[in-house]
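Report on the following structure.
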Amino acid sequence: MIDAVGNPQSILLLGGTSEIGLATVRAFAADRALRVVLAARPGPRLDAARTELERLGCGVETVEFDATKLDTHADVVKQAFAGGDIDVAVVAFGLLGDNERGWTDVEHAVELAQVNYTATVSTGVALAERFREQGHGSIVAISSVAGERARRSNFVYGSTKAGMDAFYTGLTEALREHGVTVTIVRPGFVHSKMTEGMDPAPLATTPQAVADVVVDAVRNRKELVWAPAPMRFVMSALRHVPRPIFRKLPI
Ligand SMILES: NC(=O)c1ccc[n+]([C@@H]2O[C@H](COP(=O)([O-])OP(=O)(O)OC[C@H]3O[C@@H](n4cnc5c(N)ncnc54)[C@H](OP(=O)(O)O)[C@@H]3O)[C@@H](O)[C@H]2O)c1
């Protein structure tokens, strides 16, 4: 159970190799040894994540997880809960993809929609069932500012994040009466392997900084946060910029 000061004892990371997700687990592990379940595709990245967390004193379990294999997701979540309660589940998997391929190549478009939207819904339904039974805990959904207003340069990814964000916003309301908190996190540009080689956007941040925002949100039961925090005001302004001006902005 999450203790009186907001520290969990167990974390499930869906997207067990995500740099933002792993930074979040490390941030929670700084205060106490955790039971960690990493749900990810097997490979050297997952092995390295496991070794690093074990070095920090965490007990680590792994569950094979492929976001495109929708019919396995209920079982993935069931396996994650088999070893006991999960206090915090972080939905961190995602694919940035290539925007130009995303609207011209149906296979790539569908892959982005499946990983970023359909799979986050499918895992979200399975998580909701388990957390409802448990009657406590916190689900953290890593969304993106890209979903707040679609940009020409990134609208396929943005559209999938908009859908994901709306689903978890609804889940926030649905699970509140069951004692479960859902937190939507909207990062801006984060330096991680997802954005490697790209020019950073204004207010670019790091996985560690996003992790600090997540830890604070879970501890204080916040339901919607931006990372970094001032991104909230930037997006609030950008939402109202008229289209002819918005399309000329260098973003
Ligand atoms: N980086 C940014 O600028 C930024 C900004 C806003 C929001 N976000 C969101 O933050 C989340 C974490 O991203 P990150 O920055 O930590 O990037 P990351 O390190 O590249 O993490 C992405 C994760 O998604 C997993 N993944 C992708 N496709 C998958 C699939 N088919 N099945 C299972 N796992 C799959 C990756 O697994 P593998 O290691 O197996 O590929 C990896 O664990 C994502 O949802 C992303 O959309 C990122």
Side-chain angles (χ1 to χ4, degrees), residues 12-27 37-50 52 62-73 76-77 80 89-99 102 107-108 110-124 139-148 151 153-154 156-165 167-168 183-211 213-214 225-228 231-232 234-235 251:
L12 163 61
L13 179 58
L14 284 151
T17 55
S18 147
E19 288 189 35
I20 293 175
L22 288 169
T24 301
V25 175
R26 280 195 302 272
V37 184
L38 299 176
R41 294 182 284 200
R45 276 200 291 272
L46 179 59
D47 296 341
R50 176 186 201 131
E52 191 211 354
T62 58
V63 177
E64 187 165 340
F65 168 63
D66 185 332
T68 61
K69 295 186 179 158
L70 298 171
D71 57 349
T72 65
H73 293 174
V76 166
V77 171
V90 184
V91 180
F93 60 91
L95 207 53
L96 183 59
D98 178 302
N99 191 64
E107 259 182 50
H108 193 51
V110 169
E111 184 188 20
L112 286 173
Q114 283 218 330
V115 172
N116 294 341
Y117 179 62
T118 314
T120 55
V121 170
S122 134
T123 50
I139 299 174
V140 177
I142 311 291
S143 175
S144 171
V145 296
E148 287 193 68
R151 286 176 284 141
S153 60
N154 199 19
V156 183
Y157 172 80
S159 71
T160 63
K161 286 296 195 182
M164 180 247 198
D165 194 293
F167 175 79
Y168 280 88
T183 302
I184 320 277
V185 183
R186 293 180 182 162
F189 186 104
V190 184
H191 292 281
S192 72
K193 65 179 185 290
M194 181 173 275
T195 53
E196 215 171 325
M198 293 170 64
D199 290 336
L203 296 183
T205 190
T206 62
Q208 290 72 22
V210 179
V213 170
V214 175
V225 291
W226 283 257
M231 205 39 118
R232 172 184 197 154
V234 173
M235 294 314 297
I251 52 173

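Just follow the structure's listing: the first ligand is 1, and inside any ligand the first atom is 1.
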Ligand-side contact atoms (ligand 1) for residue partner A67, heavy atom cut-off under 4.0 Å | 30 (C), 31 (N), 32 (N), 33 (C)
Under 3.5 Å: N/O of G94 near N/O of ligand 1 = yes
Any N/O pair T195/ligand 1 closer than 3.5 Å | no
If you measure from each heavy atom of P207 to ligand 1, is any distance below 4.0 Å?
-> no
How close do A40 and L46 get, heavy atom to heavy atom, and via which atoms?
-> CB-CD1, 3.8 Å
Kindly compute the distance separating CD (Q208) from OG1 (T24), expressed to the nearest 0.5 Å.
-> 9.5 Å
Residue, atom and distance of the protein heavy atom nearest atom 10 (O) of ligand 1 read I142 CG2, 3.1 Å
Within-4.5 Å side-chain heavy-atom neighbours: V214 and T183 = no
Main-chain N/O of T120 paired with Y168 side-chain donor or acceptor, under 3.5 Å | yes
Should V190 be counted as touching ligand 1, given the test is an N or O pair under 3.5 Å?
-> yes
Looking only at protein heavy atoms, which one is nearest to atom 20 (O) of ligand 1, and how far off is it?
-> K193 CG, 3.3 Å
Specify the closest pair of heavy atoms between A162 and G147, including all atoms of both residues, with the distance to one decimal.
-> CB-O, 3.4 Å
Which donor-acceptor pairs under 3.5 Å do side chains of residues 64-71 form with protein atoms, sequence neighbours excluded?
unit_1	atom_1	unit_2	atom_2	d
D66	OD1	T68	N	2.9
D66	OD1	T68	OG1	2.8

Separation between CD (Q114) and CD (E107), nearest 0.5 Å, reads 11.0 Å
Residue pair M164 / Y117: nearest heavy atoms and the distance that separates them = N-CD1, 3.4 Å
Atom 13 (O) of ligand 1 - nearest protein heavy atom and its distance | M194 CE, 3.9 Å
Report yes if V115 has an N/O atom closer than 3.5 Å to an N/O atom of ligand 1; otherwise report no.
-> no
Top protein contact for atom 44 (C) of ligand 1, by heavy-atom distance = A92 O, 3.2 Å
Contact summary for F167 and G124, nearest pair of heavy atoms = CE2-CA, 4.2 Å
At what distance is the nearest protein heavy atom to atom 26 (N) of ligand 1, and which residue and atom is it?
-> R41 NH2, 3.8 Å
What pairs of donor and acceptor atoms, side-chain ones from residues 190-197 against any protein atom, are under 3.5 angstrom apart with sequence neighbours left out?
unit_1	atom_1	unit_2	atom_2	d
S192	OG	M194	N	3.2
K193	NZ	T17	O	2.9
T195	OG1	V190	O	2.6
T195	OG1	S192	N	3.1
T195	OG1	S192	O	3.2

Residue F189 vicinity, atoms of ligand 1 by number, heavy atom under 4.0 Å = 3 (O)
N or O pair under 3.5 Å between G21 and ligand 1 | no
I142 backbone acceptor or donor facing K161 side chain under 3.5 Å = yes
Atoms in ligand 1 flagged as close to Y157, the criterion being non-hydrogen separation under 4.0 Å = 7 (C), 8 (N), 9 (C), 46 (C), 47 (O)
Sub-4.0 Å heavy-atom approach of A119 to ligand 1 = no
Ligand 1 N/O within reach of E19 N/O, cut-off under 3.5 Å | yes
Atom indices of ligand 1 within 4.0 angstrom of G15 heavy atoms, with elements = 43 (O)
With no hydrogens and no angle check, is any side-chain donor or acceptor of H108 less than 3.5 Å from a backbone partner on D98?
-> yes
Heavy-atom closest pair (S143 atom, D165 atom, distance to 0.1 Å) is OG-OD2, 2.7 Å
Nearest protein heavy-atom contact for atom 14 (P) of ligand 1: which residue, which atom, what distance?
-> S192 OG, 3.6 Å
S143 contact mode with ligand 1 (heavy-atom cut-off under 4.0 Å) | backbone
For the side chain of N116 and the backbone of L95, is there at least one donor-acceptor N/O pair under 3.5 Å apart?
-> yes
Per-atom contacts of ligand 1 with F65, taking only distances under 4.0 Å to non-hydrogen atoms = 33 (C)
Can you tell me which residue and heavy atom of the protein come closest to atom 37 (O) of ligand 1, and the distance to 0.1 Å?
-> T17 OG1, 3.2 Å
Looking only at protein heavy atoms, identify the closest one to atom 45 (O) of ligand 1 and say how far it is in Å.
-> K161 NZ, 2.9 Å
Does I20 reach ligand 1 with a nitrogen or oxygen that is under 3.5 Å from one of the ligand's nitrogen or oxygen atoms?
-> yes
What part of F93, side chain, backbone, both or neither, has a heavy atom within less than 4.0 angstrom of ligand 1?
-> both
